[in-house]
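Note that the numbering runs from 1 along the sequence shown for the chain.
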Amino acid sequence: MTELLVRGVTLRDVAAILTVTRASDIAALGEPDWTEDEVVATLTAPNHDPAVDSWLASGPDGAPLAWAYVDNPTRGPRDNVEVYAVPGVAAHGTLLDLALPRVAERARAAGRAEVTLRAGVVPSETAYVEALVERGFAVRKRHARMTRELTGQERPAEGVRVARAAEMRRFHEVLQAAFADTPDFQPVSYEDWRSSLPASSPDEWLVAEDDGRIVGVLQSSDQGLERGEGWVKNLAVLREHRRHGVGGALLRTAFSIYAAKGRTTAGLGVDLTNPTGAYSLYTGAGMSVAFAVDVYERVLPAAD
């Protein structure tokens, strides 16, 4: 077994982290999935201190071999942990054993009695799966990443426009109301929501109106920008306005904006257990599954 030297992380470690994530992603997905901007955004996200919430493991020669981090940018009752390792390196268990007590400490600091911890794993990552199961995690649900090629012929839909700065509170209200009937809904205050947002282009935040009232929203982010991909972070339509073409109109308009900026694909993540019919909406818009991720979960008591 390779000896691992583990330490906290700084922004000077971005290149080393990318070495690890790219090797891990190529083995699991066939291509790299992380970009430099995404690593930086993770390390500088709200409620994340990379010195204690992120770990880099290296070999005796200093070569980066594994990276793990925990995050919870909206400070809700659920944390996430991610572990990446160069193929053939047995590091998942070592880094999880550092992450678990840290998550318990974070729960105590937040005044919670317990915290739900989740980890997303591609099914082929058997070493990661084994490490999670050994530590009491169980599969909770499955997520999929969906993509669609952009041809440059995409056109915006009627009734959809760019959100205005003064409409951000209403934008947040629609997000909260639309997701309230999903199994994993966690209420997020407007202030925490705004502080957790990654950098994104204002003209990629869209609203759909009915009789002058915003009933659907689409929030983009710069995730995937280095890959030439437009990314739909959230799409939400109020229950009473679903299945009337609102979601499709928001997607078509977003695709047209992405294509006009020279992006070649559009992507998003979807919970395959979502009862709102999101998966059917996305396939109807020409999107297909690129890969699926099983979400493992464990409830941890807060640290004493």
Side-chain angles (χ1 to χ4, degrees), residues 4-29 31-59 62-76 78-86 89 91-92 94-110 115 117-122 125 128 143 145 188 191-201 219-227 229 231 233-234 267 269 293 295 300:
L4 297 177
L5 306 175
V6 183
R7 59 174 175 81
V9 170
T10 74
L11 287 175
R12 292 189 295 272
D13 294 312
V14 170
I17 290 170
L18 278 174
T19 297
V20 172
T21 59
R22 285 171 176 166
S24 177
D25 286 340
I26 288 172
L29 308 174
E31 60 182 3
D33 190 49
W34 280 79
T35 67
E36 180 177 341
D37 286 346
E38 289 166 359
V39 174
V40 171
T42 297
L43 298 181
T44 58
N47 198 32
H48 182 89
D49 179 353
V52 293
D53 294 327
S54 189
W55 302 268
L56 182 66
S58 302
L65 299 177
W67 173 54
Y69 70 92
V70 296
D71 73 338
N72 184 352
T74 61
R75 298 176 174 83
R78 186 168 66 229
D79 271 28
N80 299 294
V81 60
E82 299 287 348
V83 183
Y84 295 85
V86 171
V89 174
H92 295 93
T94 298
L95 295 183
L96 283 172
D97 288 341
L98 294 172
L100 292 176
R102 176 56 186 154
V103 169
E105 292 172 359
R106 286 161 57 92
R108 179 185 61 192
V115 60
L117 181 60
R118 285 187 172 176
V121 187
V122 176
E125 296 179 292
Y128 194 3
H143 274 280
R145 176 168 181 167
V188 178
E191 291 73 21
D192 284 346
W193 174 73
R194 285 302 298 263
S195 68
S196 72
L197 297 177
S200 57
S201 301
Q219 175 190 346
S220 299
S221 84
D222 287 344
Q223 178 178 339
L225 188 59
E226 292 180 16
R227 295 187 294 269
E229 180 179 53
W231 187 259
K233 181 177 177 65
N234 282 309
V293 172
V295 178
L300 286 171

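Scanning all heavy atoms of the two residues, the minimum distance from Leu5 to Gly59 falls at CD1-O, 3.9 Å. Between Ala57 and Leu4 the shortest heavy-atom distance is CB-CD2, 4.3 Å. Residue Ala99 comes nearest to Val70 through the heavy atom pair CB-CG1, 3.9 Å, listed as atom of the first residue, atom of the second, then distance. The minimum heavy-atom distance between Val188 and Trp193, with the atom names listed, is CG1-N, 3.7 Å. Of all heavy-atom pairs spanning Ser54 and His48, the tightest one is CB-NE2, 3.8 Å. Val86 and Pro64 get closest at one heavy-atom pair: CG2-O, 3.8 Å.
Counting only residues at least two apart or in different chains, side-chain hydrogen bond (donor to acceptor under 3.5 Å, both in side chains) contacts with residues 4-21 comprise Arg7-Asp13.
Atoms CG and CD, on Leu225 and Glu38 in that order, are 9.5 Å from each other to the nearest 0.5 Å. Taken from CG in Asp192 to OG1 in Thr74, the straight-line distance is 7.0 Å, to the nearest 0.5 Å.
For Glu105, the side-chain hydrogen bond (donor to acceptor under 3.5 Å, both in side chains) test picks out Arg102, with sequence neighbours left out. Legend: residues meeting salt bridge (charged side-chain N to carboxylate O under 4.0 Å, His left out) with Asp71, ordered by chain and number and at least two apart, are absent. For Ala119, the side-chain contact (heavy atoms from CB on, under 4.5 Å) criterion is met by Val81, Tyr128, Leu132, not counting sequence neighbours. Shown here are the side-chain contact (heavy atoms from CB on, under 4.5 Å) partners of Ala104, two or more places apart in sequence or in another chain: Ala303. Residues meeting the side-chain hydrogen bond (donor to acceptor under 3.5 Å, both in side chains) test with Trp34, sequence neighbours left out: Tyr84. When the side-chain contact (heavy atoms from CB on, under 4.5 Å) test is applied to Asp97, the partners found at least two apart in sequence or on another chain are Arg135. Shown here are the side-chain hydrogen bond (donor to acceptor under 3.5 Å, both in side chains) partners of Ser24, two or more places apart in sequence or in another chain: there are none. With sequence neighbours excluded, the residues satisfying side-chain hydrogen bond (donor to acceptor under 3.5 Å, both in side chains) with Asp33 are Arg145. For Pro32, the side-chain contact (heavy atoms from CB on, under 4.5 Å) partners at least two apart in sequence or on another chain are Arg22, Ile26.
Residue Tyr69 forms a side chain to side chain contact (heavy atoms under 4.5 Å, CB included) with just one option from Thr42, Leu43, Leu95, and that option is Thr42.
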Could you go step by step and tell me if Ile17 and Val9 meet the side chain to side chain contact (heavy atoms under 4.5 Å, CB included) rule?
CA-CA 9 Å; Ile17 290 170; Val9 170; 3.8 Å; yes
Yes or no on side chain to side chain contact (heavy atoms under 4.5 Å, CB included) for Gln223 and Lys233, after CA distance, side-chain angles and deciding distance?
CA-CA 8 Å; Gln223 178 178 339; Lys233 181 177 177 65; over 6 Å; no
Applying side chain to side chain contact (heavy atoms under 4.5 Å, CB included) to Val115 and Arg106, what does each step give before you reach the verdict?
CA-CA 9 Å; Val115 60; Arg106 286 161 57 92; over 6 Å; no
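You'll find the side chain of Asn47 stays beyond 4.5 Å of the side chain of Asp53, heavy atoms only.
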